[in-house]
K.L.:
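Quick one: the structure is below, and I'll ask about it shortly.
These values consider heavy atoms only, across backbone and side chains, with no hydrogens, waters or symmetry-generated copies. Counting convention: from 1, in listed order, for ligands and their atoms alike. Everything quoted here is computed from the prediction, not taken from an experiment.
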Amino acid sequence: MIKKLLICAVACLTITTATADEGMWLPSLIKERIKDMRKKGFKLKAKDIYSDRKASLKDAVVQFGGGCTGEFVSPEGLLLTNHHCGYGSIQKLSSVEHDYLTDGYWAKSREEELHVPGLTVSLLVKMEDVTDRLAAGEQKSDIIAEAVKQRKGYRASIESMYYGNQHYLFVYCTYRDVRLVGAPPSSIGKFGGDTDNWIWPRHTGDFSVFRVYADANNEPAEYSKDNVPYRPKRHFKVSTKGIEEGDFTMIYGFPGNTQEFITAEAALYVEHVSNPMKIALRTTRLNIITEAQAKDAATRIAYAAKHAGIANGWKKWQGETLGLTRLGTADKKLDYERAFAAWAADKPEYAHLLDSIQAGYEKVMPGYYMRELFNESIYGIEAFAYAFQLYNRCLINNEVTADDQAEIRRKYLKDYNVQVDHAIAREMIREFVERMPKENIPQQLTQAIDECGSAEAFADKLYATTRILNEYPLTNKELEEDLFVQFTSWFLPLIIQNSEYAYRNLSNVPTVENWYKPYMQALREWDTERAFYPDANFTLRVAYGSIKGYENADGEYHTHLSTLEGVMAKDNPEVYDYNIPQVLRDIYVRKDYGRWAIEKNGKPTIPVCFLANNHTSGGNSGSPVINGKGELIGINFDRTWRSTMSDIEFDPEICRNISVDIRFVLFVMDRIGGAGYLLEEMGIK
Ligand code: ARG
Ligand code: GLU
């Protein structure tokens with residue numbers, strides 16, 4: 001028995017030890033990795049990546065909006081990110097006469113750069129380990145207050161690393177005058193649409209261009225026409241030299257959320273309970289939407305963004321569950337935990353930890369599941385979300401005037417189609433009732449369904465009687481009498497009861513998070529071979545690896561680079577996702593590539609996207625992809641869907657991030673956008 005455990009301990013260690021390409025490292029600690037990085041082809045020093053005194057690459061990387069990354073590429077605040085990150089801004093600036101999503105946009109001068117109300121860009125001023133200061137009794141609020149004291153645009157937060165074993169202060173400076181400089185037409189920036197999302201081979205020119213503006217002192221200011229381009233301490237030099245398989249790559253950006261150290265039980269929940277439920281419910285919703293879109297062009301447009309949002313998670317979770325199963329992640333974790341338990345058995349402070357986590361999960365899982373189920377089913381009904389706002393803000397909090405109802409309506413019933421929503425409601429109410437343990441279904445709902453005969457019939461009654469979809473403003477009394485508003489009120493206890501799970505994943509839900517802290521500490525003591533890195537939490541990280549294809553299936557190798565040949569092979573004027581602009585067809589026919597031509601199979605073509613094995617996650621969209629010399633070679637925008645289990649277990653054999661090749665970005669700017677002056681600004685001669 002002991003012998004078996006020992007063998008396992010050794011075997012499991014080699015399986016889970018962070019192989020060189022796994023990991024999202026804290027930039028301020030990158031000196032601990034620099035040897036490995038240099039071995040793989042990185043030519044710069046740790047202080048070139050991060051320094052809070054001198055200019056370093058970190059000064060060229062920004063948080064773009066609320067969930068993406070961007071990078072400076074000129075001394076005058078020119079910024080690159082993804083098209084899908086700029087999408088909302090481009091949409092906001094568009095109108096029927098000026099449809100920048102469809103046609104693209106290129107400012108021909110600074111005056112034509114378009115301010116995007118509400119869009120912000122945040123620069124990391126510094127990060128600092130404040131674990132000791134907190135241990136010495138300093139208050140978080142004092143540390144934060146001191147960090148931002150009298151500095152324009154500063155904000156700070158303290159983030160937990162390693163489940164509360166360490167705490168880091170992050171100080172940001174947020175700029176509020178950000179302007180759209182250019183974007184390709186969606187037929188390039190979103191080429192392949194949802195069909196190709198999470199897929200390789202990929203041919204999307206997923207980039208857009210912005211500029212950050214500052215006041216005369218280079219400090220943040222509200223929008224003003226007197227503002228001037230921000231002068232970053234550092235910007236990326238763009239490399240037009242191209243890439244080869246095996247080249248070093250580094251991604252510098254803000255990954256949002258991973259949970260690499262959860263126990264087997266939590267991994268099993270994701271694989272077998274959470275993901276299958278979410279996938280099934282989204283399949284139903286997507287089928288209804290897709291069918292309505294196929295019948296009617298207006299619905300196709302109205303539901304395009306919603307469809308994309310629902311499908312994005314839907315496809316990602318399918319890959320995640322498949323990947324966890326294929327890797328046997330839960331089994332490997334079980335073996336690992338057994339070996340850990342054997343080591344911890346005679347250490348009283350650690351011996352109970354796995355049992356405590358297990359007991360914590362038993363307590364927390366039902367509520368966590370209920371919240372997930374509610375969010376994916378009932379909250380997936382658009383009119384529900386709207387009615388709940390009316391209920392919450394008009395009736396409970398009494399905070400909105402009749403006029404505000406129009407505002408709420410605009411937000412929650414945007415691009416709304418009642419037939420689609422009604423069809424979804426019939427399915428979602430039924431699914432909720434079928435999947436929810438009986439005792440947790442609001443008793444008014446059970447009764448209403450009984451009275452109507454079925455969940456579907458109850459949904460029909462909701463839509464037949466409600467006034468909220470057609471009339472506004474309604475008085476509080478009218479709202480109180482509305483069946484849809486009443487329906488939302490039945491869920492209030494459930495929503496309140498499970499609100500503590502909001503924005504949390506399985507490593508930081510209450511009842512387990514306190515145990516994960518010592519567990520993590522114990523793991524680091526025990527598993528000395530493993531290179532630990534903190535889970536992603538939308539703080540700045542470095543991931544590195546190399547440009548690399550992979551074996552997609554037995555005998556089927558996917559090469560690292562896609563080209564214009566693939567764009568042309570997909571091109572089809574009949575298919576919305578694959579209908580490229582005519583100029584690109586013309587350029588292709590004439591092979592008029594100029595300086596952007598590369599040679600493939602003896603013929604000229606243009607590089608488009610490439611694969612690498614960097615450990616990335618959601619939030620890394622728009623991140624700079626950097627070569628060994630610290631130059632920009634691409635913009636990260638996706639992973640392959642079969643890699644998405646890397647949020648729980650990274651597999652260097654199969655996990656690949658997808659980037660748009662900077663040469664394609666430049667080609668599109670130059671030849672399709674006619675924006676050669678931007679290339680000059682980037683120092684490309
Ligand atoms: N899968 C990428 C991400 O997770 C891209 C999503 C946007 N693109 C799309 N076709 N929906 O954000
Ligand atoms: N598209 C994702 C994002 O918006 C990046 C893809 C991923 O999850 O790796 O951040």
K.L.:
Are Phe532 and Phe261 close enough that their ring centers fall under 6.0 Å?
P.N.:
yes
K.L.:
Looking only at protein heavy atoms, which one is nearest to atom 7 (C) of ligand 1, and what is the separation?
P.N.:
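Here the nearest protein heavy atom works out to His84 CG, 3.7 Å.
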K.L.:
Who gets closest to atom 6 (C) of ligand 1 by heavy atom: Asn312, Asn82, Thr644?
P.N.:
Asn312
K.L.:
Got a salt bridge between Glu376 and Arg285, using NZ or NE/NH1/NH2 to carboxylate O under 4.0 Å?
P.N.:
yes
K.L.:
Short question: side chain of Asn614, backbone of Thr616 - any donor-acceptor pair under 3.5 Å?
P.N.:
no
K.L.:
Taking distance alone, with no angle check, do Gly67 and ligand 2 share an N/O pair under 3.5 Å?
P.N.:
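For ligand 2, there is no N or O atom that lies under 3.5 Å from one belonging to Gly67.
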K.L.:
Does any N or O of ligand 2 fall below 3.5 Å from an N or O anywhere on Ser621, backbone included?
P.N.:
yes
K.L.:
What do you reckon, does Asp638 have a nitrogen or oxygen under 3.5 Å from a nitrogen or oxygen of ligand 1?
P.N.:
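So ligand 1 has an N or O lying under 3.5 Å from an N or O of Asp638.
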K.L.:
Can the ring centroids of Tyr557 and Tyr550 be said to lie less than 6.0 angstrom from one another?
P.N.:
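Not under 6.0 Å, so no.
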K.L.:
So which heavy atom in the protein is nearest atom 5 (C) of ligand 1, and how far is it from that ligand atom?
P.N.:
Asn197 OD1, 3.4 Å
K.L.:
Return yes when Lys316 approaches ligand 2 closer than 4.0 angstrom through a heavy atom, no otherwise.
P.N.:
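Outside the 4.0 Å threshold, so no.
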K.L.:
Should His84 be counted as touching ligand 2, given the test is an N or O pair under 3.5 Å?
P.N.:
yes
K.L.:
If you define the side chain from C-beta out and look only at heavy atoms, does anything of Trp198 sit under 4.5 Å from Arg639?
P.N.:
yes
K.L.:
Is it the side chain (CB and beyond), the backbone, both or neither of Ser617 that lies under 4.0 Å from ligand 2, heavy atoms counted?
P.N.:
backbone
K.L.:
Out of all atoms in ligand 1, which are within 4.0 Å of some heavy atom of Trp198? Include the element for each.
P.N.:
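Those atoms are 1 (N), 4 (O).
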K.L.:
Can you sort out which atoms of ligand 1 are near Gly193, meaning under 4.0 Å from one of its heavy atoms?
P.N.:
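In order of numbering, the contacting atoms are 10 (N).
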